[in-house]
Amino acid sequence: MKWSVPLLLLLVVLMAFGIRGCATSETHSMRPPSKIDQKVNQLLSEMTLEEKIGQLNLRGTSSRTKVLPDSLKQAVREGHIGAFLNVMNSDYVKELQTIAVEESPHGIPLIFARDVIHGFKTIFPIPLGLAASWDQQVVVDASRVSAVEASAQGIRWTFAPMLDISRDARWGRIAESPGEDPYLASVLAQAYIQGFQGDSLNDPTAMAACAKHFIGYGAALGGRDYNTATIDEAQLRNVYLPPFQAALNAGAPTVMTSFNEVNGVPASGDEFLLDQVLRKEMQFDGFVVSDWNSVLEMINHGFAADQKQAAELAVNAGLDMEMTSRTYESYLMTLIEEGKVNESQIDFLVANILRVKFQLGLFERPFIPAHLDGKIYSQEHLQKAKNAAIKSSVLLKNNNQLLPLEKNTKIALIGPLAHQAREQLGTWTFDGEAEASITPLMALEEQNISLTFVETLSYSRDKDKSAFTKAVKAAQESDVIVFIGGEEAILSGEAHSRASLNLPGAQEDLISELAKTGKPIVGVIMAGRPITINTIKQHMDAILMAWHPGTMSGPAIYEMLFGLAEPGGRLPVTWPKTSGQLPLFYNHKNTGRPVNPEKFVQMDSIPVGAWQSSLGNTSHYLDVGYEPEFPFGYGLGYSRFSYGKVHIDKTVIKAGDSLRVSVELTNIGDRKSHEVVQLYIRDQTASLTRPVKELKAFQHIDLDQGSSTEVVFWLKKEDLAFVNRNMEKVTEPGLFNLWVGADSSTSNGTSFTYE
Ligand code: NOJ
């Protein structure tokens with residue numbers, strides 16, 4: 001192609017302004033400039049380059065720092081810092097903000113951020129537990145309470161929700177995730193944003209949400225934290241991006257990049273992901289923050305040669321704010337002088353940040369309003385925390401309806417987590433206080449339950465068996481053993497992956513010893529992830545997965561044990577039999593040789609000296625087969641339900657049609673109960689293979705004993721769509737299977753055709 005002079009001139013002009021041009025506060029959404037944009041542009045036109053670079057700087061203080069260094073105050077005074085994380089108390093927030101608005105060159109307020117993940121002071125269940133509620137209202141309540149409490153301390157930005165699809169329970173951060181399913185995660189993402197931000201970001205009790213970690217952090221190789229993610233682009237769009245899109249649609253104004261590389265490029269320097277996908281396609285017009293030092297870590301990844309190049313790559317990729325590392329501060333000026341970074345790009349990034357500061361109302365109201373009291377530990381907040389703990393707990397087993405217990409049952413309360421106020425709070429609870437949390441022992445004692453408490457193991461990894469005899473004696477003298485164990489909080493969360501997911505320490509041995517007494521055992525598990533119970537599950541007559549339930553663990557567990565409340569949770573992740581099965585998830589592909597119960601050859605039945613052959617085998621393990629311990633979506637209540645056949649109002653649908661799907665649900669047990677009715681589909685044949693099942697809808701239904709109701713869903717063309725090899729969202733004609741049931745293993749189905 002020959003370049004004409006006018007064309008070349010145009011190109012030079014465009015390059016001079018950067019590819020985005022000089023309209024600093026316009027975004028890729030091409031929305032008309034708002035009043036806020038006008039203010040942003042005005043401010044930008046007055047700022048020096050040094051001040052602009054300062055806005056891109058998110059400085060951390062350690063979460064344990066108790067003093068505010070003078071150097072930080074001076075940096076704020078000079079306009080070198082745009083935001084802070086982990087400032088310890090509201091006095092420091094006030095002091096720094098006063099310097100920013102009264103002494104810095106343009107009086108631009110700071111944003112104060114913190115990891116307020118599942119509660120600030122009043123702690124709710126860990127996010128994986130909240131996900132198990134499958135309940136938007138529970139998540140809205142948890143995040144609203146978090147925002148009300150934290151904003152009263154000046155925290156207007158939270159690094160939550162974490163929206164990483166997680167399919168490997170070895171990964172410690174599965175505890176913070178919404179689980180394995182893109183649909184459920186998307187529904188919950190919206191609820192988190194609604195709760196954190198309330199009706200308007202401008203409200204003083206609103207905290208700006210941060211959808212993290214963009215992207216693929218949960219796909220870490222082998223479940224080892226920070227590890228490499230390899231995700232093909234269609235998979236990225238079909239599985240990993242939807243929860244983020246849902247969060248943006250709900251108004252999340254910030255996004256955090258992930259530590260990991262995706263397909264060879266660290267997320268913090270990936271122009272394709274940050275500019276093409278996030279800004280242009282997903283129409284994101286807030287700001288992107290790096291994770292802690294993740295810009296700097298691009299050197300370790302082998303992507304940037306040095307700090308200067310790391311800054312160049314991140315800025316040009318569109319990463320607005322750098323968390324804790326200081327490559328922007330150190331090198332952007334030089335990079336601009338050298339022409340490697342355009343000042344217009346800096347303007348674009350600064351505008352994104354200033355816009356959010358305006359949206360938060362920080363310019364008019366930089367300080368915590370006097371009337372805000374946070375209602376920390378108010379009855380209302382504690383009540384919501386208890387409700388969330390109940391709705392999140394998943395009843396995994398309940399032989400002979402051992403639960404709920406009779407009020408006068410004599411209990412042997414045993415186990416390392418029955419009275420550990422701090423551990424029950426779970427990971428990411430910097431501000432939660434053990435003194436405020438009520439343990440199961442405390443709650444049972446308060447209710448005058450007849451019990452003997454023998455902790456036996458003093459922490460989850462404890463191997464000291466010296467108290468076993470005492471525990472066995474207490475068990476013999478009781479009607480029922482309630483064992484409360486699992487993992488201490490520190491065994492999950494960031495950088496806390498595990499290879500074995502068995503109960504740590506001597507817990508399994510303790511359960512085996514207790515079983516010898518012949519007394520029924522209720523196992524309550526508190527943990528940040530599914531725990532493999534393959535070898536001990538037969539000893540426990542009832543198993544209740546409570547995750548780390550938070551401040552109100554005790555009252556919630558008391559109410560569930562004695563039937564004042566029913567555990568409401570359903571698994572948001574597939575529960576493995578052994579960690580050797582991981583990653584394991586229900587919405588996998590079929591393969592050319594799908595599992596087949598009739599063909600399954602168990603390892604011990606292979607003849608010695610057998611001839612090399614595939615034995616008619618399919619995609620499974622010889623030793624543990626192909627089934628999980630419990631499927632995705634699984635959870636029992638205190639009653640039982642029966643499902644009628646699935647009815648559809650037509651067998652062929654076209655674009656524009658809605659398919660009516662209905663099922664008769666009956667409570668066939670002996671008490672009022674709650675069911676989560678789940679709808680799954682399968683696109684039988686497609687130009688890109690589709691999962692064997694995909695959750696598309698669910699409903700919460702309460703039913704009195706003996707009563708029935710018709711549960712109705714409507715499916716549309718869009719519900720059947722996926723991203724194909726050309727990265728287009730399509731619904732392809734063909735046969736679809738459809739199931740409605742109690743969990744992802746349901747076979748209660750029918751089929752229809754999309755034309
Ligand atoms: C690192 C974590 O990955 C991220 O989730 C968190 O928000 C930041 N540190 C800040 O604490």
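Numbering of residues begins at 1 and proceeds along the displayed sequence. Indexing begins at 1, ligand by ligand and atom by atom, following the structure's order. Values below: all heavy atoms of this structure, side chains included; hydrogens, waters and symmetry mates excluded. As the structure is a computational prediction, the values presented were derived from the model and not from experiment.
For a threshold of 3.5 Å applied to N or O pairs, the pair formed by Y217 and ligand 1 contains no separation below that value.
If you number the atoms of ligand 1 from 1 as listed, the ones under 4.0 Å from a heavy atom of K212 come out as 4 (C), 5 (O), 6 (C), 7 (O). Remark: ligand 1 atoms within the under-4.0 Å shell around heavy atoms of H213 are 3 (O), 4 (C), 5 (O).
Of the protein's heavy atoms, D115 OD1, 3.2 Å lies nearest to atom 6 (C) of ligand 1. Nearest protein neighbour of atom 9 (N) of ligand 1, counting heavy atoms only, is D291 OD1, 3.3 Å.
The existence of a salt bridge linking E494 and R173 is confirmed by a sub-4.0 Å separation between a basic side-chain nitrogen and an acidic carboxylate oxygen. Ion pairing between K73 and E95 holds under the 4.0 Å rule for side-chain N and carboxylate O. Between E487 and R498 there is a salt bridge, since a side-chain N of the basic residue sits under 4.0 Å from a carboxylate O of the acidic one.
Partners of R237 according to the side chain to side chain contact (heavy atoms under 4.5 Å, CB included) rule, which considers only residues two or more places apart in sequence or in another chain, are E233, L241, F272, V277, E281, V723, M727. With sequence neighbours left out, the side chain to side chain contact (heavy atoms under 4.5 Å, CB included) criterion links D181 to Y183, L184, Y586, N587, F632, L695.
At most 12 non-hydrogen atoms from other residues, nucleotides or ligands lie less than 6.0 angstrom from CZ of R422.
Close to ligand 1: R173, with a non-hydrogen atom less than 4.0 angstrom away. Ligand 1 lies less than 4.0 angstrom from a heavy atom belonging to M256.
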